[in-house]
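Reading through the structure tokens given below for one structure.
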4 protein chains.
Amino acid sequence: MSQQTSRQRAEKRKQAQRERILSAAQTCFMESGFHAASMATIADTAGVSAGLIYRYFENKNAIILAIIDRQLAVLRRRIRELHSTEYLANRIIDYFDEEEPEEEGAMSLVLFLEISAQAARDPQISRALARYDDAVRSELADWLQRSPEQGGYGLDAAVAPLRAFLLLSIIVGLKMHGARDPDVDRAKLRKELERILQALV
Amino acid sequence: MSQQTSRQRAEKRKQAQRERILSAAQTCFMESGFHAASMATIADTAGVSAGLIYRYFENKNAIILAIIDRQLAVLRRRIRELHSTEYLANRIIDYFDEEEPEEEGAMSLVLFLEISAQAARDPQISRALARYDDAVRSELADWLQRSPEQGGYGLDAAVAPLRAFLLLSIIVGLKMHGARDPDVDRAKLRKELERILQALV
Amino acid sequence: MSQQTSRQRAEKRKQAQRERILSAAQTCFMESGFHAASMATIADTAGVSAGLIYRYFENKNAIILAIIDRQLAVLRRRIRELHSTEYLANRIIDYFDEEEPEEEGAMSLVLFLEISAQAARDPQISRALARYDDAVRSELADWLQRSPEQGGYGLDAAVAPLRAFLLLSIIVGLKMHGARDPDVDRAKLRKELERILQALV
Amino acid sequence: MSQQTSRQRAEKRKQAQRERILSAAQTCFMESGFHAASMATIADTAGVSAGLIYRYFENKNAIILAIIDRQLAVLRRRIRELHSTEYLANRIIDYFDEEEPEEEGAMSLVLFLEISAQAARDPQISRALARYDDAVRSELADWLQRSPEQGGYGLDAAVAPLRAFLLLSIIVGLKMHGARDPDVDRAKLRKELERILQALV
DNA sequence: CATGAATGAGGATTCATTCAT
DNA sequence: GATGAATGAATCCTCATTCAT
């Protein structure tokens with residue numbers, strides 16, 4: 001039993017190290033981009049040696065893919081949290097208002113841009129992005145089709161997917177475009193957004 | 001006068017060379033990204049020597065900045081072309097539908113992503129992007145405020161800027177998000193888009 | 001006495017571990033060469049941890065030297081087995097015909113080449129090789145000098161060393177050169193070899 | 001015409017550089033082996049920067065292959081020079097007697113060992129070695145079959161290839177084995193060698 | 001003006017070796 | 001004894017930039 005425990009401890013430590021490296025990588029990628037962030041810098045940031053990273057990840061690309069997975073998961077979770085009619089506009093605004101998060105586990109706009117740009121070149125990343133996109137869209141579509149009693153909007157199955165697509169586009173657009181100029185009146189924006197959303201849902 | 005002419009000819013040639021290099025750079029940047037595209041490849045693509053590039057641009061970063069300028073100008077021109085009520089939805093759809101253009105002088109999504117990602121890190125690029133954004137937005141706002149007789153929508157000055165902001169966000173979002181899944185029914189999308197736009201303009 | 005026995009058991013186990021490691025190293029060296037075989041791979045092959053190897057060998061070079069010793073001993077044993085007139089040609093052919101042996105304790109051509117190449121650079125290895133060579137040669141010379149009744153050829157002491165040298169050269173040459181093209185008629189080769197050997201012994 | 005000349009000069013210089021690098025590489029490979037010789041050392045030895053090497057060779061392996069080609073060509077030329085009855089024994093002895101040559105373009109035993117060892121692992125090298133071996137063997141066989149008036153030995157076509165094989169094996173064996181112990185009486189060795197060769201040719 | 005050879009700093013990756021557990 | 005995580009030096013290779021021609 002003591003051996004079992006020690007093995008578990010080792011496993012836990014292994015996971016912790018992986019996370020340390022992943023977090024450091026995320027920080028570096030956000031600061032410099034996938035390509036410009038060097039393994040040495042990531043190692044420094046993680047407080048480990050450069051060589052050690054290769055015990056946890058096959059190569060730099062594996063780290064990038066892991067970060068992408070993580071980011072897409074976060075993004076998906078965030079989108080999922082939007083499921084609530086009255087607050088939809090607020091939520092979207094909150095979302096697009098968010099500061100670039102230093103803490104791990106949060107979605108980063110810069111990373112999303114980096115990922116999208118990379119997806120145009122790397123088919124593996126492209127596929128990951130497409131998979132995530134499909135999942136998020138169908139979740140949104142399901143939600144829009146649910147009856148109001150179930151927290152949905154009772155949309156017709158014929159239009160729901162398209163509306164989900166547009167909704168996502170608007171969210172993405174606000175996030176991308178809005179991040180650049182934050183002096184927009186939030187209250188007014190919410191009102192305008194609500195008008196648009198009413199045309200959608 | 002003959003000397004004058006030859007000087008002009010030289011100037012013209014210089015401009016032509018600059019353009020050649022810039023176009024080659026754009027092609028390479030679209031294919032590989034700012035970082036991964038090497039000066040050697042750009043030189044090859046432009047059909048000039050690597051050394052010659054440094055007669056026209058101080059360094060690689062100067063090329064990147066020039067490309068960014070050019071791309072933002074194109075983007076602005078494209079947005080400007082949207083000024084026409086009845087076709088607004090169509091135009092937006094056409095725009096988001098566009099293939100990644102090989103020809104120079106066209107806006108590239110990949111480049112836009114690359115630029116946006118870079119802007120999060122390089123303040124110089126960030127400023128350029130902000131400047132462009134302001135310009136485009138105020139143009140759009142002006143247009144929305146114009147009377148219908150003048151081809152506008154007669155929007156109130158109090159809401160026009162915000163609507164312009166949202167309009168741009170939608171366009172950007174469609175472009176970014178839509179590029180990933182092209183099997184969306186165009187006709188239906190246009191209808192839905194029109195409904196949203198009616199809430200906006 | 002029980003302690004004595006346990007100490008002996010421990011010693012035996014130690015020897016067994018050493019052998020395990022050595023065999024694994026030999027396998028790896030044959031597959032990848034001295035330089036390209038990594039300690040990690042050797043450890044894996046031996047089924048021990050990388051760190052443990054350093055309890056049995058000071059460093060990688062010590063392993064290489066141990067392997068070289070072992071291989072030279074094997075080689076010497078093989079040459080010794082040739083001592084029998086009528087079969088000499090057959091034996092040599094058998095020898096040069098041998099497959100590269102996976103089993104430990106057998107001589108490997110690849111290793112011999114590796115060792116010889118290394119000897120040209122490392123004086124320690126060079127000396128080991130020279131020592132072995134001297135020993136084998138004088139054994140061969142002794143044998144050649146023995147009377148036919150004693151199983152020898154009764155060669156004169158004046159020519160025996162030189163003939164031993166030539167005999168070894170032929171064996172080495174056949175081994176090295178022959179290994180590359182195995183479609184040679186064995187029966188004919190034996191006949192030719194016998195003619196040559198008659199000129200030698 | 002002046003341009004033509006300058007282009008030729010450039011071509012010549014390019015060849016010269018290639019040779020410089022190749023020679024430096026050969027020196028380093030002889031001193032340290034293919035694997036242990038680093039690109040940095042080769043660059044230093046050649047008196048160029050490390051990066052420059054990659055303008056002349058795709059990678060380190062390409063250098064190794066070039067060296068192998070060169071060495072095999074030299075070896076073949078050397079074997080070809082043996083074509084003369086009365087001096088055959090002398091020539092072989094001279095050959096096996098040769099110092100390890102520092103000058104480029106000469107065959108090196110160490111390199112030959114390195115090549116042979118590498119051939120057991122790298123199929124590309126193995127093929128190169130086999131090709132060369134075939135060529136040398138058939139040249140030797142042709143020569144042995146020529147009439148004495150034509151400088152040959154008039155051997156029967158049925159035995160010539162096998163004799164060529166044995167002759168080469170003896171040469172290789174003497175070279176490899178003999179290189180390790182040079183205090184052998186040359187005069188006596190020649191005599192003995194002649195006896196063997198008479199059994200062969 | 002134009003070339004492209006040359007540089008050298010920097011990047012990803014590997015691996016012998018050590019050491020806390 | 002035994003492990004395997006951790007180190008960091010060394011290696012191959014790339015690429016922006018310079019400069020003699």
Side-chain angles (χ1 to χ4, degrees), chain A residues 2-3 6-7 9-10 13-14 16-18 21 35-43 46-63, chain B residues 10 13-14 17 35-44 46-63, chain C residues 10 13-14 17 35-44 46-63, chain D residues 2-3 6-7 9-10 13-14 16-17 35-43 46-63:
Chain A
S2 120
Q3 203 194 351
S6 103
R7 205 179 286 163
R9 244 200 325 254
R13 176 163 176 70
K14 198 162 180 167
Q17 284 280 49
R18 225 188 109 93
I21 294 168
H35 211 114
S38 81
M39 291 300 276
T41 311
I42 294 174
V48 300
S49 69
L52 188 61
I53 296 184
Y54 289 85
R55 277 190 75 85
Y56 295 90
F57 298 93
E58 201 187 338
N59 50 31
K60 191 181 176 179
N61 209 52
I63 303 183
Chain B
R13 175 167 171 67
K14 193 162 181 169
Q17 283 275 44
H35 206 110
S38 81
M39 293 296 276
T41 311
I42 295 174
D44 269 9
V48 299
S49 71
L52 189 60
I53 295 184
Y54 287 83
R55 283 210 158 268
Y56 296 90
F57 298 92
E58 200 190 338
N59 50 29
K60 192 181 176 180
N61 209 52
I63 302 182
Chain C
R13 174 166 170 68
K14 193 162 179 168
Q17 282 276 42
H35 206 110
S38 80
M39 292 297 275
T41 311
I42 294 173
D44 269 9
V48 300
S49 71
L52 189 61
I53 296 185
Y54 287 84
R55 281 208 159 269
Y56 296 90
F57 298 92
E58 199 190 339
N59 50 30
K60 192 181 176 180
N61 209 53
I63 302 182
Chain D
S2 119
Q3 203 196 351
S6 103
R7 203 179 288 164
R9 243 198 326 253
R13 175 163 175 71
K14 197 162 181 167
Q17 283 280 49
H35 211 114
S38 81
M39 292 299 277
T41 312
I42 295 174
V48 300
S49 70
L52 188 61
I53 296 184
Y54 290 85
R55 278 190 75 84
Y56 295 91
F57 298 92
E58 201 187 338
N59 51 30
K60 191 181 176 180
N61 210 52
I63 303 183

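Residue numbers start from 1 in every chain, and the chains themselves are labelled A, B, ... in the order their sequence lines are given, proteins ahead of strands.
Contact annotation: C:Ser49 side-chain N/O to F:dT3 OP1/OP2 distance is under 4.0 Å. Remark: A:Arg13 is not in phosphate contact with F:dT3, judged by side-chain N or O atoms under 4.0 Å from OP1 or OP2. Put simply, C:Arg55 has no side-chain N or O that comes within less than 4.0 Å of OP1 or OP2 on F:dA2. Taking side-chain N and O atoms only, C:Gln17 has no distance below 4.0 Å to OP1 or OP2 of F:dG1.
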Practice problem: Check the pair A:Arg18 / A:Lys14 against side-chain contact (heavy atoms from CB on, under 4.5 Å), numbers first and verdict last. | Solution: CA-CA 6 Å; A:Arg18 225 188 109 93; A:Lys14 198 162 180 167; over 6 Å; no
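Among residues two or more places apart in sequence or in another chain, the side chain to side chain contact (heavy atoms under 4.5 Å, CB included) test is passed with D:Ala40 by D:Ser38.
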Practice problem: Determine which bases of DNA chain F form Watson-Crick or G-U wobble pairs with both distances under 3.5 Å, and write the result as a 5' to 3' dot-bracket string with | for other-strand partners. | Solution: .||||||||||||||||||||
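Closest approach of C:Ala37 and C:Lys60 over heavy atoms only: O-NZ, 2.6 Å.
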Please tabulate, for side-chain N and O atoms in residues 49-59 of chain B, each donor-acceptor pair with protein atoms closer than 3.5 Å (sequence neighbours left out).
from, atom 1, to, atom 2, distance (Å)
B:Ser49, OG, B:Leu52, N, 3.3
B:Asn59, OD1, B:Asn61, N, 3.2
B:Asn59, OD1, B:Ala62, N, 3.1

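If you measure from atom CD1 of D:Ile42 to atom P of F:dT11, you get 11 Å, rounded to the nearest angstrom. Rounded to whole angstrom, the span from the CD1 atom of A:Ile63 across to the P atom of E:dA12 amounts to 9 Å.
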Practice problem: Encode nucleotides 15-21 of chain F as B, S and - characters from 5' to 3', where the letter depends on protein heavy atoms closer than 4.0 Å: B to the base, S only to sugar-phosphate, - to neither. | Solution: -SBB---
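From A:Ile63, atom CD1 reaches atom CD1 of A:Ile21 across 7.0 Å, with rounding to the nearest 0.5 Å.
Looking at heavy-atom distances under 4.0 Å, A:Phe57 makes no contact with the nucleic acid at all.
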